[in-house]
Number of protein chains: 2
Amino acid sequence: METVSENACFGGVQGVYTHASEACGCDMTFGLFLPDEARDGPVPVLWYLSGLTCTHENAMVKAGAQGWAAEQGIALVFPDTSPRGEGVADDEGYDLGQGAGFYVNATQDPWKPHFQMWDYVAEELPRLITGNFAVDEERQAITGHSMGGHGALTLAMNLAGRYRSVSAFAPISNPTASDWGRKQLSAYLGDDESLWARHDASLMMREAGFDGPVLTDTGTNDQFIDLLRPEALAEACAARRQHATLRMQPGYDHSYFFVSTFMEDHIAFHAEALYAG
Amino acid sequence: METVSENACFGGVQGVYTHASEACGCDMTFGLFLPDEARDGPVPVLWYLSGLTCTHENAMVKAGAQGWAAEQGIALVFPDTSPRGEGVADDEGYDLGQGAGFYVNATQDPWKPHFQMWDYVAEELPRLITGNFAVDEERQAITGHSMGGHGALTLAMNLAGRYRSVSAFAPISNPTASDWGRKQLSAYLGDDESLWARHDASLMMREAGFDGPVLTDTGTNDQFIDLLRPEALAEACAARRQHATLRMQPGYDHSYFFVSTFMEDHIAFHAEALYAG
């Protein structure tokens, strides 16, 4: 693992690191914010999964998360959204291939050799981070934006017991039923739709739910709202009697101006779960 | 004036607008954050001047300022750092020409026809903004980063009575005595150094001072600190008995991770002055 940069930030350190990923078969880069409290021992951690076209960097510079994480003594991890590099398959579309890993393990060519983002985010990167930094593997929470909200919700519901809380900003909520989803799930996983179900937050909510609190925010002016299908997740949460707060925010769109506006609430929400008991 | 974008943000609106600038002889773009309170009437305003290589966009997306401005009911203006476009002179260096207007009125060719950033920021843009938005021209304050800190300090001291308070993040403090300054001032203003003096915050502090409070933050690990010369401004402030708080922040560098860390303090500082009396 190599240090790309480390910047003092809100009393802690915003680092960027690169490492040879076994899961993805290429070098991967991630951001890690460690609050001052990490000098004294392991701190709780909030994972932030980014959306289509993003790298590790977007949320790190635009979400305004570090100040609130510093206040709560929580680390933040910002993984990349896909494998990258010259030998890595790509597509002309912004919503497939590099920058669009969709947090699944691809079983189909040409994606299979590198696009193993589920394993990367669920297994390899947590091991790397808890093994090398003062981050407490017993106190993890997860959030994300758009495609990253999809990733956060599906990881949380599939990996029972891993995360104490899950939240999302404008998550892709029902990808098996929208163009942000069917395209990618068929490309990465093939045509057997039964294999897609665990990667659909609304279906997983019906099937499994989440053993902890759920928070989502979506803007009423989100330009992609028809692709996000928040109504499917809302219906599934209510049907399951899931402990959840699903908010529609008047006037907000899909941008980081929206994400940063509600970041304080999300970090406070996770802090409550991370410091409980 | 045309609207480029408007995004809901912390209860207010983050807008981007473009207009034909008379001062600069080209189209100019600026960002304007209006808090919710601007619906009910004019609000105080804080100008944020950016540094070398920046556009109107950098601070708007990376400084984390809107949340604190919303809390205080203050508007934020993010001007560009230079004229731009095909007919506008430029230089190979990152620190001269487009992206590096230095907040002066150029008297030398090839810069003179467009590089009139002093007039743009001091006269034209304030007129445009107070004429078109609910912004109170009687309650203005100014801040900036690096080259923009230089701009903020020199505008504030030259335009007595205009701004109630001035602050700066890692300002270029003594440009007549450093390579971030001598190069640009000679290119834009010519070789007569007597004409440079009003564009040097440390010289202006000795000469005129500021009729209000001053706040600066500079990181002890700032990679450009030898070019910033905070010691010159510190000496001049103390010699003048200027009402000022000049802070050196251990471990911080020149990045927006530094700027965003101390943004809350700067906006609270300006709010106190803007809401006094």
Side-chain angles (χ1 to χ4, degrees), chain A residues 4-16 31-36 39 54 57-71 76 78 169-170 217-223 225 247-268, chain B residues 4-16 31-36 39 54 57-71 76 78 169-170 217-223 225 247-268:
Chain A
V4 176
S5 60
E6 289 185 331
N7 297 85
C9 184
F10 287 96
V13 176
Q14 177 61 61
V16 176
L32 173 67
F33 171 74
L34 288 178
D36 187 44
R39 295 170 202 253
C54 289
E57 196 179 18
N58 298 62
M60 198 180 93
V61 301
K62 298 200 297 187
Q66 294 94 342
W68 308 118
E71 195 170 293
L76 299 168
F78 303 98
F169 301 86
D217 278 304
T218 304
T220 61
N221 284 5
D222 191 307
Q223 59 269 48
I225 200 161
R247 307 190 301 191
M248 296 298 298
Q249 299 289 1
Y252 287 88
D253 59 27
H254 202 67
S255 70
Y256 268 91
F257 295 115
F258 154 69
V259 173
S260 59
T261 296
F262 298 102
M263 186 55 74
E264 180 182 11
D265 290 356
H266 283 242
I267 291 184
Chain B
V4 176
S5 60
E6 290 185 330
N7 298 84
C9 183
F10 287 96
V13 176
Q14 176 62 60
V16 176
L32 173 66
F33 171 74
L34 287 178
D36 187 43
R39 294 170 203 252
C54 289
E57 196 178 18
N58 298 63
M60 199 180 92
V61 301
K62 298 200 296 187
Q66 292 94 342
W68 307 118
E71 195 171 296
L76 299 168
F78 303 98
F169 301 86
D217 278 304
T218 304
T220 60
N221 284 6
D222 192 307
Q223 58 269 49
I225 201 161
R247 308 190 299 192
M248 297 297 299
Q249 299 289 1
Y252 287 89
D253 58 28
H254 201 67
S255 70
Y256 268 92
F257 296 115
F258 154 69
V259 173
S260 60
T261 297
F262 298 103
M263 185 55 73
E264 180 181 11
D265 290 357
H266 283 242
I267 290 184

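Proteins get letters first, then strands, A, B, ... in listed order; numbering begins at 1 in each. Computed from heavy atoms alone, side chains included, the values below leave out hydrogens, waters and symmetry copies.
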Under 4.5 Å from a heavy atom of chain A, the part of [X] involved:
X        : result
B:Gln249 : neither
B:Met60  : both
B:Ser255 : side chain

For [X] and [Y], which heavy atoms make the closest approach, and how far apart are they?
X        : Y        : value
A:Gly219 : A:Met248 : O-CE, 4.4 Å
A:Val259 : A:Phe169 : O-CE2, 3.6 Å
B:Ala69  : B:Pro35  : O-CB, 4.5 Å

I'd like to verify something: which residue of B:Trp68, B:Tyr256, B:Phe258 has the highest number of heavy-atom pairs under 4.5 Å with chain A?
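Highest number of pairs under 4.5 Å: B:Trp68.
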Could you go through the ring pair (Phe, Tyr, Trp, His ring centres under 6.0 Å) check for A:Phe10 and A:Phe33 one step at a time?
CA-CA 10 Å; A:Phe10 287 96; A:Phe33 171 74; 7.4 Å; no
When you measure from the side chain of A:Tyr252 to the backbone of B:Asn7, do you find a donor-acceptor pair of N or O atoms at a distance under 3.5 Å?
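Looks like no, no N/O pair under 3.5 Å.
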Using non-hydrogen atoms only, which part of A:Glu264 is less than 4.5 Å away from chain B: side chain, backbone, both, or neither?
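Neither part; nothing is under 4.5 Å.
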